[in-house]
Amino acid sequence: RHAQKSGARLQERTAVSGPVLDETTGSIVGVTAKPVDDNGRKVGDEVTYRAPVVVAADGNSTRLSLAMGLRKRNDRPMGVAVRTYYTSPRHDDDWLESWLELWDGEPNRSNLLPGYGWIFGVGDGTANVGLGILNTSSAFQHVDYKDLLRTWLDHTPEHWGFREPNRTAPIRGAALPMGFNRKPHYADGMLLVGDAGGMVNPFNGEGIAYAMESGEMAADVISQALRRTTTDARERTLQGYVGALEARYGGYYTLGRVFVKAIGNPNVMKLATRYGLPRPTLMRFTLKLLANLTDPRGGDAMDRIINGLSKVTPRA
Ligand SMILES: Cc1cc2nc3c(=O)[nH]c(=O)nc-3n(C[C@H](O)[C@H](O)[C@H](O)COP(=O)(O)OP(=O)(O)OC[C@H]3O[C@@H](n4cnc5c(N)ncnc54)[C@H](O)[C@@H]3O)c2cc1C
């Protein structure tokens with residue numbers, strides 16, 4: 001709506017069906033699309049939209065990228081997350097709770113389940129509860145994630161309310177494409193933004209901020225490119241998006257890859273929770289690193305260490 005106020009034309013109930021290519025260069029110069037109803041059923045004839053630059057912001061499945069030959073890289077971390085909502089007295093918690101260990105009974109006296117969980121109050125009478133699993137876990141793609149969520153929650157305290165009768169939404173899940181698992185982020189007239197470009201943070205599974213930030217970066221680059229007067233200059237400017245993304249997240253995401261590999265080892269995780277968790281300074285550092293909450297300029301010693309590490313680490 002904000003973009004619309006600035007002059008963008010929003011096309012709702014429109015499903016993109018494929019790229020329109022320039023026959024001589026093979027570059028994308030638009031998309032074909034079909035009008036659909038609220039259930040995604042086609043309700044009209046196919047239409048074509050042409051544009052000087054195309055942005056693929058179509059999420060993890062990104063059919064447009066696939067149609068342009070951009071496959072996902074399997075040497076990058078991948079996660080899956082499922083979540084739902086329950087009416088709960090914990091709706092007004094003013095913190096987000098992370099569960100590093102999920103048990104199917106009493107902690108340390110039952111079976112350790114794969115994955116990591118979260119609980120956060122939404123403030124409207126419900127709490128958002130979910131879990132994520134990384135592809136470094138042997139359970140990845142071999143368990144029913146919805147069952148796993150219910151099993152974990154059935155063993156949380158009854159009065160929190162995380163039981164079937166209090167569930168207010170379906171359990172939904174999707175993949176979390178991490179650490180730039182689809183590249184290049186600009187090629188043949190098309191920029192990738194957000195999940196389409198595999199921009200979920202490997203440290204914590206968050207992707208919303210990265211989708212918004214990459215969208216802003218793409219918009220900046222495109223507006224500069226459209227002011228260039230030659231095709232070469234325009235191409236060079238659009239290529240700048242790749243470098244800008246690498247500079248902002250490249251080193252940090254490479255560190256994230258190392259982190260994902262390390263915590264995939266249950267022994268590392270056990271040591272980290274036993275000896276790391278009780279140390280407040282180490283935990284402050286860990287929080288800054290995992291949540292990507294460093295100050296880019298100045299900041300304290302922790303900020304400088306993390307920023308320094310991200311800078312010297314090869315880009316993702
Ligand atoms: C269970 C779960 C919980 C999560 N929790 C968090 C969280 O707490 N914090 C966080 O930061 N991140 C979270 N994430 C990740 C976050 O949801 C994504 O990283 C983020 O939504 C990516 O935004 P996006 O705009 O790139 O893609 P999406 O949000 O997937 O948006 C893509 C859009 O493109 C549309 N689209 C796709 N194909 C077409 C087509 N052919 N034609 C027209 N439109 C199309 C889709 O309908 C969709 O609206 C979670 C993910 C999951 C699965």
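Positions are given from 1 along the sequence. The structure displayed is predicted, hence computed values, not measured ones.
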ask   = Is the shortest heavy-atom distance from the side chain of T313 to the side chain of Y252 under 4.5 Å?
value = no
request  = Could you tell me how the ring of F140 sits relative to the ring of Y145: parallel (under 30°), tilted (30 to 60°) or perpendicular (over 60°)?
outcome  = tilted
task = Verify, without hydrogens or angle tests, whether S110 (side chain) and P107 (backbone) share a donor-acceptor contact under 3.5 angstrom.
result = no
query = Counting distance only, does the side-chain N/O of D93 pair as donor-acceptor with the main-chain N or O of W95 below 3.5 Å?
reply = no
message = Measuring only between side-chain heavy atoms, which start at C-beta, is R182 closer than 4.5 Å to R73?
response = no
request  = Given side-chain contact (heavy atoms from CB on, under 4.5 Å), test V16 with D58 step by step and report yes or no.
outcome  = CA-CA 9 Å; V16 170; D58 48 351; over 6 Å; no
task = Give the minimum heavy-atom separation between V260 and P202, together with the two atoms involved.
result = CG2-O, 3.4 Å
Minimum heavy-atom distance A291-N204, with the two atoms named = CA-ND2, 3.7 Å
query = Quick one: do D37 and R13 make a salt bridge, cutoff under 4.0 Å?
reply = no
remark   = Heavy-atom nearest pair, A187 first then P184, reads CB-CG, 3.7 Å
task = Calculate, to the nearest 0.5 Å, the distance between atoms CD1 and CG belonging to I222 and L191 respectively.
result = 5.0 Å
note = So CG of L153 and CH2 of W160: to nearest 0.5 Å the spacing works out to 9.5 Å
inquiry  = Taking atom CZ as the centre, does R304 end up with more than 12 heavy-atom neighbours from other residues, nucleotides or ligands that are less than 6.0 angstrom away?
reply    = yes
task = Go through the steps to decide whether R150 and I171 satisfy the test side-chain contact (heavy atoms from CB on, under 4.5 Å), and finish with yes or no.
result = CA-CA 10 Å; R150 286 196 204 95; I171 303 178; 3.8 Å; yes
inquiry  = In the structure I gave you, are the side-chain heavy atoms of H91 and Y85 within less than 4.5 Å of one another anywhere?
reply    = no
key: Donor-acceptor side-chain pairing of N108 and W103 below 3.5 angstrom   = no
inquiry  = Count I, L, V, M, F, W, Y as connected when their side-chain heavy atoms are under 4.5 Å apart, and connections chain through other members. Are V143 and L131 then in the same cluster?
reply    = yes
task = Can you measure from CG (L100) to OG1 (T273) and round to the nearest 0.5 angstrom?
result = 7.0 Å
Within 6.0 angstrom of D75 CG, more than 12 heavy atoms from elsewhere = yes
ask   = So does R63 have more than 12 non-hydrogen atoms from other groups sitting under 6.0 Å from CZ?
value = no
ask   = Is the shortest heavy-atom distance from the side chain of R71 to the side chain of L66 under 4.5 Å?
value = yes
task = Drop me the distance from L112's CG to K270's NZ, to the nearest 0.5 angstrom.
result = 8.0 Å
task = For the residue pair W152 and W99, categorise the inter-ring angle as parallel (less than 30°), tilted (30 to 60°) or perpendicular (more than 60°).
result = perpendicular
query = Going hydrophobic residue to hydrophobic residue with side-chain gaps under 4.5 angstrom, can you get from V82 over to L102?
reply = yes
task = Following the transitive rule for hydrophobic clusters with a side-chain heavy-atom cut-off under 4.5 Å over Ile, Leu, Val, Met, Phe, Trp and Tyr, establish whether L277 and L282 coincide in one cluster.
result = yes
query = Counting N and O atoms only, with roles assigned by atom type, does the side chain of T32 sit under 3.5 Å from a partner on the main chain of G18, one being a donor and the other an acceptor?
reply = yes
Atom pairs and distances, donor-acceptor, side-chain atoms in residues 239-251, under 3.5 Å, two or more places apart:
from	atom 1	to	atom 2	distance (Å)
Y241	OH	L192	O	2.7
E246	OE2	K183	NZ	2.8
R248	NH1	E213	OE1	3.3
Y249	OH	E213	OE1	2.5

Pairwise distance CZ(R279) to CZ(R284) - rounded to 0.5 angstrom = 14.0 Å
message = Is it true that, when you exclude E164 itself, more than 12 heavy atoms of the residues, nucleotides or ligands shown sit nearer than 6.0 Å to its CD?
response = yes
task = Answer yes or no: is there a donor N or O on one side and an acceptor on the other, between the side chain of N307 and the main chain of D295, under 3.5 Å?
result = yes
request  = Kindly indicate, with the supporting measurements, whether the criterion side-chain contact (heavy atoms from CB on, under 4.5 Å) is fulfilled by I263 and T136.
outcome  = CA-CA 8 Å; I263 63 166; T136 43; 5.6 Å; no
L70-I28 co-clustered via ILVMFWY side chain contacts under 4.5 Å = yes
remark   = Tightest non-hydrogen contact, residues P77 and R257, listed as CD-CG, 3.4 Å
ask   = Taking it one step at a time, do N292 and F203 satisfy side-chain contact (heavy atoms from CB on, under 4.5 Å)?
value = CA-CA 8 Å; N292 199 5; F203 281 108; over 6 Å; no
request  = Using ring-ring contact (aromatic ring centres under 6.0 Å, His included) as the criterion, list what pairs up with Y86, not counting sequence neighbours.
outcome  = F162
message = Working to the nearest 0.5 angstrom, can you tell me the gap between D144 CG and L149 CG?
response = 10.0 Å
task = For M212, look at atom CE and say whether over 12 heavy atoms of other residues, nucleotides or ligands are found less than 6.0 Å away.
result = no
ask   = Is there a donor-acceptor contact under 3.5 Å from the side chain of D188 to the main chain of M68?
value = no
remark   = What one should report as the nearest heavy-atom pair of M199 and H185 is CE-CD2, 3.7 Å
query = Thinking salt bridges, do D300 and K288 make one under a 4.0 Å N-O criterion?
reply = yes
query = Does T281 reach the side chain of M302, with side-chain heavy atoms less than 4.5 Å apart?
reply = yes
task = May I ask you to decide if V29's main-chain N or O and D22's side chain share a donor-acceptor pair within less than 3.5 Å?
result = no
task = State, yes or no, whether a side-chain contact exists between T126 and R167 at a heavy-atom distance under 4.5 Å.
result = no
ask   = Same cluster or not: are W118 and V80 linked, directly or through other Ile, Leu, Val, Met, Phe, Trp or Tyr residues, by side-chain heavy atoms under 4.5 angstrom apart?
value = no
key: N/O donor-acceptor pair under 3.5 Å between R90 side chain and F120 backbone   = no
ask   = With a 4.5 Å heavy-atom cut-off, do P177 and R76 have their side chains touching?
value = no
ask   = Mind checking whether L64 and V54 have side chains closer than 4.5 Å, heavy atoms only?
value = yes
query = Of the non-hydrogen atoms in V193 and S214, which two are nearest, and what is the gap between them?
reply = CG1-OG, 3.6 Å
request  = Look at R1 together with E12 and state whether they make a salt bridge at an N to O cut-off of under 4.0 Å.
outcome  = yes
query = Going by atom types alone, do T87 and T168 pair a side-chain donor with an acceptor below 3.5 Å?
reply = no
